[in-house]
Amino acid sequence: MYTGEKAGRKKRRRRTTARIKSTGWGKEKKWKAGICAAALLLVITGLYAFKEMVVFASPENPEVEAAANAQKEAEKKDVSGNELLPEPEASPKESKSIVPLVVVDAGHGGLDVGCMEKEVAEKDINLEIGRRVKKRLEDMGFQVLLVRDQDEYLAKEERVEIANNLMADAYVSIHQNTYEGSDKSVGGIETWYDGSDATRDSKRLARLVHQETIKSTGAAERELWDIADFCVTNQTGMPACLIETGFLSNPTERELLASPEYQEKVAEGIAEGIRLFFRPKTMYLTFDDGPSERCTDMVLDVLKANDVKATFFLVGEYVEKYPEVARRIAREGHTIGIHCYRHDYGELYESAESYLADFQKAYDVILETTGVEAKLFRFPGGSVNSYNKEVCGDIVHEMTKKGFIYFDWNASLDDVVGDYEPEQLISNARATTLDRKKVVMLAHDRVLNTALCLDELLLQFPEYRIKPLNVHVKPVQFTLPDEK
């Protein structure tokens, strides 16, 4: 971590002491400072017992920063090691290349060592990983600025100023952690971002960097913190996060972090997280069997709060029952498709003619209620199921001839298969995506637990951009019997 940047208990104690000293109180006031410090210590001790332990590395040390700044001023050098520093007349963002510029910040440097364990210095590990991240990102086609590419000091404010002047597109700061207690088994990866500013999309960047680095290293997953009050996360004008890739106080992690092979794994995860931030995969979130009296509105509320558009395959008889809900779906910009008029498999799939008659009735109801001329549809049970094997080919032929497009799915919450709790529905969705580049996710907006888990579900897929289906999307379709 940066000297002066960790928001830990030790840091807070030192900051409190510094403020007291700066007030100019006389000796007769010192006893008050002692009481304040003791009271603060009691509060912190209470919080420590109440909450799960949080550990931090490199608490604030103004003396180190002052000495490093003085040395830098004396040397009068450009310590960035880059040729991307902006001229005073920097071009506006509109004129930049469309290739994203990523600032990679190897924390500490020079006299600012960071944490040190058994001759292994944080500043050196940060730099080695930073160099590897830079190379990987450049191989992916990104522009990359490594704020320091040698063992020299650069103040955190200067690092931020460089990124802001360049109008960079993302900022990732690399650090190591340490634990000062007796338990040296404390380990794992934790990542920080400023959760008070939702405008920069730092949360998604942090989630991706955190998620992918854990995946690439197999390291223990610690917290994803939204309470960062660091200069590099709060003063940057672009999405920013800070990752601590391990604990140097943990002998096993220290040995790994000092090895080039493991550094490469860490760099792989960080770079992949950044890549997915700028080049996400695509998910089409779809809901069948609605609208419902209660759950569809709950689903729509979550989608609206997260600025997500989805696709609803509606049932005609429920549109007649809940017309205002159907109109809300259309009004809020979601795609409307047709599921059926009545969800009766035996009647629906009795023949191609019975399916077409049911479809026409659903089409008319949806058009009259919402004003939407639906072109997309989904077969109840999917295009191939145990009820329609004899007629599915004929139905597809007739529907295609009429200009309609059907969509099946390649991932599912399995929310109508069993009585699953919300957490299990999310797990089902995760397990069935199989890391595909294009996912059509099946859900049902008549299931209460689906509505209850939706907000968390959206958070669990930061690597995907969620979009509504349209006629230009290549459909995901099951293989018809006559195509096998």
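These values consider heavy atoms only, across backbone and side chains, with no hydrogens, waters or symmetry-generated copies. Just so it is clear, the structure is predicted and the values come from calculations on it, not from any experiment.
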Check: [Y] and [X] side chains under 4.5 Å, non-hydrogen atoms:
X	Y	value
K438	K474	yes
K321	E293	no
H339	L314	no

Would you mind telling me which of L459, L224, D197 makes a side chain to side chain contact (heavy atoms under 4.5 Å, CB included) with K203?
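By the side chain to side chain contact (heavy atoms under 4.5 Å, CB included) criterion, K203 pairs with just one of L459, L224, D197: L459.
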Taking the ring of [Y] and the ring of [X], is the distance between their centroids below 6.0 Å?
X	Y	result
F377	Y363	no
F312	F287	yes
W409	F478	yes

More than 12 heavy atoms from other groups under 6.0 Å of CG on D139
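Yes.
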Distance-minimising heavy-atom pair for E212 and G269
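It is CB-O, 3.3 Å.
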Can a donor-acceptor pair be found between the side chains of N306 and D455 at a distance below 3.5 Å?
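Indeed, the side chains of N306 and D455 share at least one donor-acceptor pair under 3.5 Å.
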Regarding E244 and T191, do their side chains bring together a donor and an acceptor under 3.5 Å, going by distance alone?
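Short answer, no.
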For the pair Y341 and E320, evaluate side chain to side chain donor-acceptor pair (under 3.5 Å) and give the outcome as yes or no after the intermediate values.
CA-CA 10 Å; Y341 177 78; E320 289 178 328; 2.5 Å; yes
Please walk me through it: do T296 and D445 pass side chain to side chain donor-acceptor pair (under 3.5 Å)?
CA-CA 5 Å; T296 304; D445 56 317; 2.7 Å; yes
From CD (E398) to NZ (K401), nearest 0.5 Å
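Spacing of CD (E398) from NZ (K401) equals 4.0 Å.
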Just verifying a value: how many Å separate S351 OG and D394 CG, rounded to the nearest 0.5 Å?
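Taking OG in S351 and CG in D394, the distance rounds to 9.5 Å.
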Hey, does the Lys NZ or Arg CZ of K156 hover above the aromatic six-ring of F230, less than 6.0 Å from the centre and inside 45° of the axis?
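Because its charged atom misses either the 6.0 Å distance or the 45° angle limit, K156 does not stack over F230.
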Mind telling me whether Y464 and F461 have parallel, tilted or perpendicular rings, with 30° and 60° as the class edges?
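Perpendicular.
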Could you go step by step and tell me if S249 and R254 meet the side chain to side chain donor-acceptor pair (under 3.5 Å) rule?
CA-CA 7 Å; S249 52; R254 181 172 65 248; over 6 Å; no
